[in-house]
Amino acid sequence: MTIFQLKQLASTSVHAAAGAMRWNYDRAELIADGVVHGIGVFGGVVAATVLIVLTAIYATGLEVAVVSVYAAGLLAMLVLSATYNLWPVSRAKWVLRRFDHSAIYMLIAATYTPFIAQMKDSIFAIALLIGVWCVAIVGIVIKLVFPGRFDRLAVGLYLAMGWSGFMVYDPGVASLPTLTLWFIAAGGLLYSFGVIFHAWQRLRFQNAIWHSFVLLGAACHYTAVLDLVLN
């Protein structure tokens with residue numbers, strides 16, 4: 001197996017520059033991951049376009065804006081993930097890693113936006129949405145300012161943000177279609193189960209498998225948003 005080591009050359013932090021990130025993937029693994037990302041970016045662009053067009057037809061201007069926030073978060077995650085993971089090992093790759101990890105916070109907050117927007121009578125739900133975006137902003141700042149640090153904490157924070165929606169379970173059941181709720185839950189389970197492969201770094205094709213679970217989870221949440229728009 002060809003082993004690459006990417007030094008944190010682009011970091012201005014002394015603590016971050018002291019470390020190094022290992023890129024332990026052979027050619028077959030890189031090709032597999034590239035295929036997964038190619039499918040994700042192409043499918044994401046098509047899906048986001050269809051979603052916004054359908055929202056413009058069936059929903060209000062406010063709902064178009066809300067769904068556009070979700071679509072922007074989804075595309076940011078897909079494009080930045082593909083760019084970072086497929087970029088050759090270099091100084092630029094380390095910089096792209098910061099934005100790739102930051103985009104996950106953006107996607108989680110953006111995914112919450114259309115669902116929470118349906119709970120107009122719930123002050124607590126609106127407070128949760130504000131809280132999720134605040135946590136996302138803090139997470140993004142940490143990733144951009146302290147690259148390579150708190151990575152394990154970040155994974156836990158991703159999961160905590162993702163499952164914090166259970167705090168509004170009762171109003172969610174009351175305001176969202178049943179099928180939408182099932183797709184939301186399925187997406188959360190796929191993301192969570194995929195973390196096992198994210199951490200299982202000795203497994204061959206680990207990165208491609210992890211990113212496949214990300215796509216499946218994103219597809220479930222996309223379907224949930226689409227079902228919400230059409231109902």
Side-chain angles (χ1 to χ4, degrees), residues 32-87 96-119 129-130 132-133 135-137 139-140 143 158 161-162 164-165 172 175-177 179-192 194 198 207-231:
D33 198 37
V35 170
V36 172
H37 277 98
I39 293 172
V41 172
F42 176 77
V45 170
V46 173
T49 302
V50 170
L51 179 63
I52 292 175
V53 169
L54 289 176
T55 305
I57 294 173
Y58 293 104
T60 65
L62 176 60
E63 289 169 324
V64 172
V66 168
V67 168
S68 296
V69 170
Y70 162 71
L74 176 63
L75 290 178
M77 184 275 291
L78 293 173
V79 171
L80 286 171
S81 178
T83 304
Y84 160 62
N85 282 277
L86 302 182
W87 198 272
L96 289 170
R97 183 175 187 265
R98 306 183 193 186
F99 289 96
D100 170 48
H101 290 186
S102 297
I104 300 175
Y105 289 109
M106 184 184 300
L107 173 63
I108 295 173
T111 301
Y112 267 103
T113 302
F115 302 121
I116 299 297
Q118 298 299 309
M119 306 177 197
L129 181 59
I130 294 173
V132 167
W133 273 105
V135 172
I137 292 171
I140 289 171
K143 282 297 182 182
Y158 295 146
M161 287 177 63
S164 63
S175 62
L176 299 176
L179 187 60
T180 299
L181 292 170
W182 278 109
F183 275 114
I184 293 174
L189 289 172
L190 285 166
Y191 279 128
S192 299
H198 174 69
N207 212 34
I209 295 172
W210 154 240
H211 288 134
S212 296
F213 272 95
V214 171
L215 287 187
L216 291 173
C220 284
H221 285 165
Y222 170 85
T223 306
V225 175
L226 181 62
D227 183 65
L228 187 65
V229 169
L230 296 178
N231 279 282

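Atoms CD1 and NE2, from Ile140 and His101 in turn, are 13.0 Å apart once rounded to the nearest 0.5 Å. Taking CH2 of Trp210 as the reference point, atom OH of Tyr191 lies at 8.5 Å (rounded to 0.5 Å). To the nearest 0.5 Å, the span separating CG on Leu74 from OG1 on Thr111 amounts to 7.0 Å. Atoms CG and NE2, from Leu86 and His37 in turn, are 6.0 Å apart once rounded to the nearest 0.5 Å. Here OG1 of Thr49 is found 7.5 Å from CG of Leu75. Values are rounded to the nearest 0.5 Å. The structure places CD1 of Ile57 at 12.5 Å from CD1 of Ile52, a figure rounded to the nearest 0.5 Å.
Around CH2 of Trp87, the count of heavy atoms belonging to other residues, nucleotides or ligands within 6.0 Å does not exceed 12. Atom CZ of Phe99 has 12 or fewer heavy atoms from other residues, nucleotides or ligands within 6.0 Å.
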Verify side-chain contact (heavy atoms from CB on, under 4.5 Å) between Val50 and Tyr222, making sure each step is shown before the conclusion. CA-CA 11 Å; Val50 170; Tyr222 170 85; 4.1 Å; yes
Applying side-chain contact (heavy atoms from CB on, under 4.5 Å), run through Phe115 and Val225 and close with a yes or a no. CA-CA 8 Å; Phe115 302 121; Val225 175; 3.5 Å; yes
Thr113/Tyr70 under side-chain contact (heavy atoms from CB on, under 4.5 Å): CA gap, chis, key distance, verdict: CA-CA 7 Å; Thr113 302; Tyr70 162 71; 5.7 Å; no
Does the side-chain contact (heavy atoms from CB on, under 4.5 Å) test come out yes or no for Thr180 and Phe183, once each step is laid out? CA-CA 5 Å; Thr180 299; Phe183 275 114; 6.0 Å; no
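Between the side chain of Asn231 and the backbone N or O of Asp227, at least one donor-acceptor pair lies under 3.5 Å.
Side-chain contact between Leu107 and His221: absent, with no pair of heavy atoms (C-beta onward) separated by less than 4.5 Å.
Across all non-hydrogen atoms, the minimal contact from Ala103 to Ala76 is CB-O, 4.0 Å. Counting all heavy atoms, side chain and backbone alike, Cys220 lies closest to Leu190 at SG-CD1, 3.7 Å. Considering all non-hydrogen atoms of both residues, Gly40 and Leu215 come closest at CA-CD2, 3.6 Å. Counting all heavy atoms, side chain and backbone alike, Pro114 lies closest to Leu228 at O-CD2, 3.6 Å.
When Val35, Leu78, Ile39, Asp33 are each tested for a side chain to side chain contact (heavy atoms under 4.5 Å, CB included) with His211, only one passes: Asp33.
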